[in-house]
Every structure is written in C-alpha cells, then in structure tokens.
Chemist: 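Here it is, the structure in full.
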Amino acid sequence: MRRQLQLIYKILYSHFGPQRWWPAESAFEVMVGAILTQNTNWGNVSRAIDNLRQNKLITPNKLYKLPQERLALLIRPTGYYNIKAKRLREFLRFFLKNYKGSISRISRERIWRLREFLLAIKGIGPETADSIMLYALNKPVFVIDTYTKRILLRHGFISPDFGYAEVQNLFMKNLKPQAGLFNEFHALLVRLAKEYCLKDNPKCHSCPLKGILRA
DNA sequence: CTGCTAGTCTAAGGAATTCT
DNA sequence: AGAATTCCTTAGACTAGCAG
C-alpha cells in the first residue's frame, strides 16, 4: 500500500508537474475560499474573492462587520450564498473570539485539537476543516474530496462505503506527515480527476494511472 | 441546407436538516 | 441510523426556430 501510494504520487507528479496550490494572497483568504468553495467550482469562488478584494474586505474584522445580507450579495457567484454567508460568519466569530483573527495565534493550536474546534462550527465539515488546516495553516492533514474517492474507488483501493476518516487514514497511515507532500498530492489527484477520472466518461485509455490497481 | 441566436438542460460541487 | 432533501450559480452542451 505504502509503495503503491508513493508510486501513484510519483507518476502524477512527473505527468502533471507541481500544481502550486492554493492560489491566494494570504492564509486568511484561503480560509474564506475553503468555505466558499463548498459544492462549487473554483471559477465561481474566484469571482466572489475578487468582489471581496475589490472592496478591501479580506480581513476577519471587516468581513464580520459586514451585514449578512451584504456579504451574501458579494459572494453570490459561489451559489448557496445565503447559507455560505451564515457559515462564513460562524467561522469568523470563532476565529475572532478565540484567536483575535490572528493566523499566527491559530497556527499555534495543536492539530487535532484545532480540527475538533473547526468541526464544531456549524457549516464546517471534514473537508473544509482539513482544507483550512492544510492549505491555510500548513498542517500535515490529508484532504479528502469526491475526486479523491472516485479515483481510489476505480482503482480498487477503497469500496463505496468507505467514510471520510477511513479514506483519510489510508493516506495518513502510509505517508510521512509532511504538509508539502499532502498539499501537492491532493492537488494532483484533483487534476487527474478533472482531466481523466471524469464522472461520466472517464478517459481510462490514456490515463497516467492506467493499470495501477491495489495488489 | 447552413449558420446563427436564444432558450433549455446538465454537471459540478459539502454540510446540515429533515424525513423514513 | 441511514436516506433524501435543501441550498444556488456558472459554463458548456444541446435544441428549436428562423433568416439567408
């Protein structure tokens, strides 16, 4: 298993090269993006982030001061904007109250403790929590998403009933806990899913992972 | 019959709430 | 406890209808 995961990483990296995630100007912006990107493609999130940037609103305090309805309007391109405005505010409240909106303060929190806290916020589930930890705070936590599950399923590494934690364990028990590696690995899996491991008509014939199945 | 445009449909993508 | 439903926009694919 360990060797196979390493092999997959190696193949993907040499095929696609480094992905340079996550495109943001600050760690805080990544956090905001992680919530906005729920059930939404990045293009839409990008528009919303632009709206916030243009209004110079990407700081915890400014965003939290904004009335929910105005916030909703600004993040409209991401879809589900009313719900996301609420979720964003829930997170902001937590971040301001416990860490004064400071990245360096929240970074000092121990990993699994912080994860528990994040999961307790209404509107933050496992994927969003892990994205925040890995991509904003550089914590070695492997992010699982539908793309990752789809690839692993098709290659026989998991069955459909595997839950989030089980899939995550597969990676975390078998890889060195390095944020840089987890970051790149997940980004590469997303890239593969978007170009080859499509939902409907997967391009298995030309897929870089063709023939890689669990031994 | 070809080429355009306007309209309709579908895919993509997490978490919470509300059934059964 | 597990399954279904809710929340929404955008891009791209497809279709219908019409003008040339």
Side-chain angles (χ1 to χ4, degrees), chain A residues 16 19 21-24 29-55 63 66-95 114-137 139 141-154 158-171 182-183 185-204 207:
Chain A
F16 294 115
Q19 301 300 297
W21 271 25
W22 174 304
E29 192 183 295
V30 177
M31 293 171 157
V32 173
I35 291 168
L36 294 183
T37 199
Q38 294 173 175
N39 268 61
T40 307
N41 59 46
W42 183 255
N44 293 6
V45 177
S46 202
R47 290 155 171 260
I49 298 274
D50 274 350
N51 288 343
L52 298 176
R53 271 202 197 134
Q54 271 169 14
N55 290 279
L63 270 188
L66 209 59
Q68 200 182 111
E69 309 78 59
R70 278 208 58 210
L71 178 58
L73 235 49
L74 288 164
I75 63 173
R76 195 186 155 98
T78 64
Y80 307 113
Y81 51 89
N82 286 312
I83 270 190
K84 284 178 181 175
K86 272 202 194 84
R87 291 179 176 180
L88 205 42
R89 289 178 57 79
E90 284 288 315
F91 169 73
L92 258 19
R93 198 169 62 79
F94 160 85
F95 188 34
L114 174 59
R115 192 171 191 273
E116 288 302 307
F117 290 162
L118 290 173
L119 290 176
I121 300 169
K122 274 206 194 320
I124 296 190
E127 186 182 338
T128 308
D130 290 342
S131 293
I132 289 174
M133 301 219 288
L134 178 62
Y135 289 106
L137 304 176
K139 305 285 186 191
V141 178
F142 209 97
V143 176
I144 304 302
D145 57 10
T146 51
Y147 295 129
T148 307
K149 282 189 201 153
R150 188 156 76 216
I151 294 166
L152 292 184
L153 181 65
R154 285 180 176 163
I158 62 172
S159 50
D161 57 301
F162 268 49
Y164 188 98
E166 296 174 273
V167 183
Q168 187 175 47
N169 272 337
L170 200 70
F171 288 97
F182 289 0
N183 179 327
F185 205 155
H186 180 251
L188 286 165
L189 288 168
V190 171
R191 178 84 183 269
L192 180 80
K194 286 187 168 169
E195 286 183 31
Y196 295 92
C197 210
L198 306 174
K199 195 183 190 181
D200 283 340
N201 297 107
K203 302 179 169 160
C204 302
C207 177

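Chain letters run A, B, ... following the sequence lines, proteins first and then strands; every chain starts at 1. Values below: every heavy atom of this structure, side chains too, minus hydrogens, waters and symmetry copies.
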Chemist: In B/S/- notation, 5' to 3', how is nucleotides 14-20 of chain B contacted by protein heavy atoms closer than 4.0 Å?
Modeler: BBSS---
Chemist: Taking it one step at a time, do A/Phe171 and A/Leu189 satisfy side-chain contact (heavy atoms from CB on, under 4.5 Å)?
Modeler: CA-CA 12 Å; A/Phe171 288 97; A/Leu189 288 168; 3.9 Å; yes
Chemist: Once the angle between the rings of A/Tyr135 and A/His186 is folded into 0 to 90°, is it parallel (under 30°), tilted (30 to 60°) or perpendicular (over 60°)?
Modeler: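 Judged by the thresholds at 30° and 60°, the geometry between A/Tyr135 and A/His186 is tilted.
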Chemist: Are A/Arg53 and A/Asp50 ion-paired here, with the side-chain N under 4.0 Å from a carboxylate O?
Modeler: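 Yes, A/Arg53 and A/Asp50 are salt-bridged.
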Chemist: Taking only side-chain N and O atoms of A/Asn44, does any of them lie within less than 4.0 angstrom of OP1 or OP2 on C/dC8?
Modeler: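 It does not, given that no N or O in the side chain of A/Asn44 lies less than 4.0 Å from OP1 or OP2 of C/dC8.
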Chemist: Would you kindly give the CG-to-C1' distance between A/Leu36 and C/dT10, to the nearest whole Å?
Modeler: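 To the nearest whole Å, that distance equals 15 Å.
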Chemist: Looking at side-chain heavy atoms only, is the closest gap between A/Cys207 and A/Glu195 below 4.5 Å?
Modeler: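 No, too far: nothing below the 4.5 Å cut-off.
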Chemist: Mind running side-chain contact (heavy atoms from CB on, under 4.5 Å) on A/Tyr80 and A/Gln38 for me, showing each step along the way?
Modeler: CA-CA 9 Å; A/Tyr80 307 113; A/Gln38 294 173 175; over 6 Å; no
Chemist: Which pair of heavy atoms, one from A/Phe16 and one from A/Leu188, lies closest together, and at what distance?
Modeler: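 Looking at all heavy atoms of both residues, the shortest contact is CB-CD2, 3.7 Å.
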Chemist: So which of residues 185-198 of chain A are in contact with DNA chain B, with a heavy-atom cut-off of under 4.0 Å?
Modeler: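 Close to the strand, none.
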Chemist: Are the side chains of A/Ile124 and A/Ile35 in touch, meaning some heavy atoms are under 4.5 Å apart?
Modeler: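 In contact.
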Chemist: Is the shortest side-chain heavy-atom distance between A/Ser131 and A/Val30 below 4.5 Å?
Modeler: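 The answer is no, as the side chains (C-beta and beyond) never meet within the 4.5 Å cut-off.
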Chemist: If we only count heavy atoms from C-beta on, is the A/Leu118 to A/Phe94 side-chain gap below 4.5 Å?
Modeler: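 In short, these two side chains touch, coming nearer than 4.5 Å.
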Chemist: Going by number, which of residues 69-79 of chain A have a non-hydrogen atom under 4.0 Å from DNA chain C?
Modeler: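 Going residue by residue through residues 69-79 of chain A, the ones with a heavy atom under 4.0 Å of DNA chain C turn out to be A/Arg76, A/Pro77, A/Gly79.
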Chemist: Taking the side chain as C-beta and beyond, is there a heavy-atom pair between A/Thr128 and A/Arg87 under 4.5 Å?
Modeler: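 Side-chain contact under 4.5 Å: no.
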Chemist: Whether A/Tyr81 contacts C/dT9 is assessed here as follows: a side-chain N or O lying under 4.0 Å from the phosphate OP1 or OP2. Is that the case?
Modeler: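 Answer is yes, contact under 4.0 Å.
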Chemist: Just how far, in rounded Å, is C1' of C/dC7 from CG of A/Asn82?
Modeler: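 Taking atom C1' of C/dC7 as the reference, CG of A/Asn82 is at 9 Å.
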